[in-house]
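Take a look at the structure set out below.
Only a predicted model underlies this, so the values are computations on that prediction, with no experimental measurement involved. One is the number of the first residue; the rest follow in order along the sequence.
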Amino acid sequence: MTEKLLIVGGTGFIGKNLASEALNNGFITSVLSLNEPQDKDKIDGVDYIQADIVNNIQLKDKLSTHRFDYIVNLSGYIDHSDFFDGGEHIINTHFLGLVNLLQIIDRTNLKRFLQIGSSDEYGSLKAPQNEEMRESPFSAYSLGKVASTHLLQMLYKTENYPVGILRLFLVYGAGQDYKRFIPQVIRACLLGSQFPVSLGEQIRDFSFIDDITRGILLALKNDNVTGEVINLASGIPISIREVVEKIQAIVGQGKPKFGEIPYRVGENMTLYADTKKTKKYLSWEPEISIEEGLMKTIEYYQCNI
């Protein structure tokens, strides 16, 4: 019997890639999103469902007749707004949306609920960040993610809810929105433009989208992740400046103006994953190097700028 997968937030960058790969792996795939995607962004064979996960009544109306074997929760969005400047809505989207999903989802066939967390949950903790650290949220967004993690861990401990939590660091690849760091830099370099960046001393952990979708699909079928928080990241530290310079070298042009953008208040300057648990529990390691991933990403934007 073919298994049914629901990807919540499946029209975003990671969600679209995951939906495509899930179909290739034989899942009957549904996507839940706030808005219906444009026809050009739809994937043949995917069932698209529209609902606001914060709206309990609307969500129940759309999901009450469905049963899924697996659910991946990619809902929400990255936004570092302060609590009194829109942060309450961000918390509601991530935490209240999750509460609504848990109340409404039919658990009859559910084998795994996979929550996609964020490296931002570690806040200012020292690198390499590992899953045993007590989280230190520094924004409404990271608080919403941490609260979701704790709720799901409680449900696993008290009600044996079949949850696993994957904590992603920085993901990049072809088709990512131009508002994100790597596409911004690639676009500016392809245009031969001057562009402002920070000094670039931040140390980060980048993973190519194909590696991440492979890791998520591995986790769906791996009982080792049940009840666990697991980093899904390369574990390879690299500075922001070095990434900019690699892109500039591959493209052959572009003029970064280092130091023109200030660091964010409270920004963790060193954020990269401890991946010992990832290797032990998932038997997963990245297959695509930063150089190969940047080349693939640049080739995409050369044709789609």
- Would you find a donor on one side and an acceptor on the other, under 3.5 Å apart, between the side chain of W284 and the backbone of D211? yes
- Task: Kindly check if the number of other-residue, nucleotide or ligand heavy atoms within 6.0 Å of NZ (K277) is above 12?
- Result: yes
- D47 and V31, any side-chain heavy atoms less than 4.5 Å apart: no
- Is it possible for you to say whether I104 and L6 belong to one hydrophobic cluster, with membership spreading through side-chain heavy-atom contacts below 4.5 Å? yes
- Query: Would a hydrophobic clustering, with Ile, Leu, Val, Met, Phe, Trp and Tyr connected at side-chain separations under 4.5 Å, put I238 with V251?
  - Reply: yes
- Which pairs, with at least one residue in residues 190-206 and sequence neighbours excluded, count as a salt bridge (charged side-chain N to carboxylate O under 4.0 Å, His left out)? R204-E267
- Carefully, step by step, assess N73 and I116 under the rule side-chain contact (heavy atoms from CB on, under 4.5 Å). CA-CA 6 Å; N73 184 24; I116 305 301; 5.9 Å; no
- Query: Is there a donor-acceptor pair under 3.5 Å between the side chain of E228 and the backbone N or O of N224?
  - Reply: no
- R107 charged N/C atom sitting above F68 aromatic ring, 6.0 Å / 45°: no
- Message: Strictly distance-based, threshold 3.5 Å: is any side-chain N or O of Q129 a donor or acceptor partner for the main-chain N or O of T270?
- Response: yes
- Salt bridge between E131 and R167, side-chain N to carboxylate O under 4.0 Å? no
- Under 3.5 Å, is there a donor-acceptor pair between the side chain of N304 and the main chain of Y300? yes
- Step by step, would you call V8 with L101 a side-chain contact (heavy atoms from CB on, under 4.5 Å)? CA-CA 9 Å; V8 184; L101 282 169; 4.0 Å; yes
In a table with atom names and distances, give each donor-acceptor pair under 3.5 Å that connects a side chain of residues 169-197 to protein atoms at least two apart or in another chain.
residue : atom : partner : partner atom : Å
Q176    : NE2  : V171    : O            : 3.0
D177    : OD1  : K179    : N            : 2.7
Q184    : NE2  : K179    : O            : 3.4

- Item | Where T11 and P37 come nearest, the two heavy atoms and their spacing | CG2-CG, 4.0 Å
- Item | Any donor-acceptor N or O pair under 3.5 Å, side chains Q115, T149 | no
- Query: With no hydrogens and no angle check, is any side-chain donor or acceptor of Q248 less than 3.5 Å from a backbone partner on G254?
  - Reply: yes
- Item | Derivation and outcome, salt bridge (Lys or Arg N to Asp or Glu O under 4.0 Å), residues K145 and E135 | CA-CA 10 Å; K145 284 292 191 181; E135 299 91 347; over 6 Å; no
- Message: Looking at E88, I want to see if its CD is surrounded by more than 12 non-hydrogen atoms of other residues, nucleotides or ligands under 6.0 Å.
- Response: no
- Item | Pair D52, Q58: side-chain N/O donor-acceptor within cut-off below 3.5 Å | no
- Query: Side chains of Y122 and N231: is there a donor and an acceptor less than 3.5 Å apart?
  - Reply: yes
- Message: Quick check against the 3.5 Å criterion: does N100 have a side-chain atom that pairs as donor or acceptor with the backbone of I53?
- Response: yes
- Message: Are I203 and I236 connected into the same hydrophobic cluster when the rule is that any two of I, L, V, M, F, W, Y join if their side-chain heavy atoms are below 4.5 Å apart?
- Response: no
- Query: Looking at side-chain heavy atoms only, is the closest gap between Y161 and Q153 below 4.5 Å?
  - Reply: no
- Query: For Q103, does the CD atom sit with more than 12 other heavy atoms under 6.0 Å from it, leaving out its own atoms?
  - Reply: yes
- Item | N-O pairing of K221 and E3 below 4.0 Å | yes
- Taking side chain as C-beta onward, heavy atoms only, is S283 less than 4.5 Å from K279? no
- Going through the distances and angles, do L152 and L98 end up as a side-chain contact (heavy atoms from CB on, under 4.5 Å)? CA-CA 9 Å; L152 290 166; L98 172 63; 4.0 Å; yes
- Item | Salt bridge present between D69 and R112 (N-O < 4.0 angstrom) | no
- Query: Hey, any chance V225 and L218 share a hydrophobic cluster, counting ILVMFWY side chains that come within less than 4.5 Å of each other, even indirectly?
  - Reply: yes
Atom pairs and distances, side-chain donor-acceptor, residues 14-28, under 3.5 Å, sequence neighbours left out:
residue : atom : partner : partner atom : Å
N17     : ND2  : F13     : O            : 2.8
N24     : ND2  : S20     : O            : 3.4
N25     : ND2  : E21     : O            : 2.8

- Look only at the side chain of T93 and the backbone of G76, and say whether a donor-acceptor pair between them is shorter than 3.5 Å. no
- Query: Within the distance-only criterion (no hydrogens, no angle test), does the side chain of S33 pair as donor or acceptor with the backbone N or O of E36 below 3.5 angstrom?
  - Reply: no
- Task: Specify the closest pair of heavy atoms between P286 and S234, including all atoms of both residues, with the distance to one decimal.
- Result: CG-CA, 3.9 Å
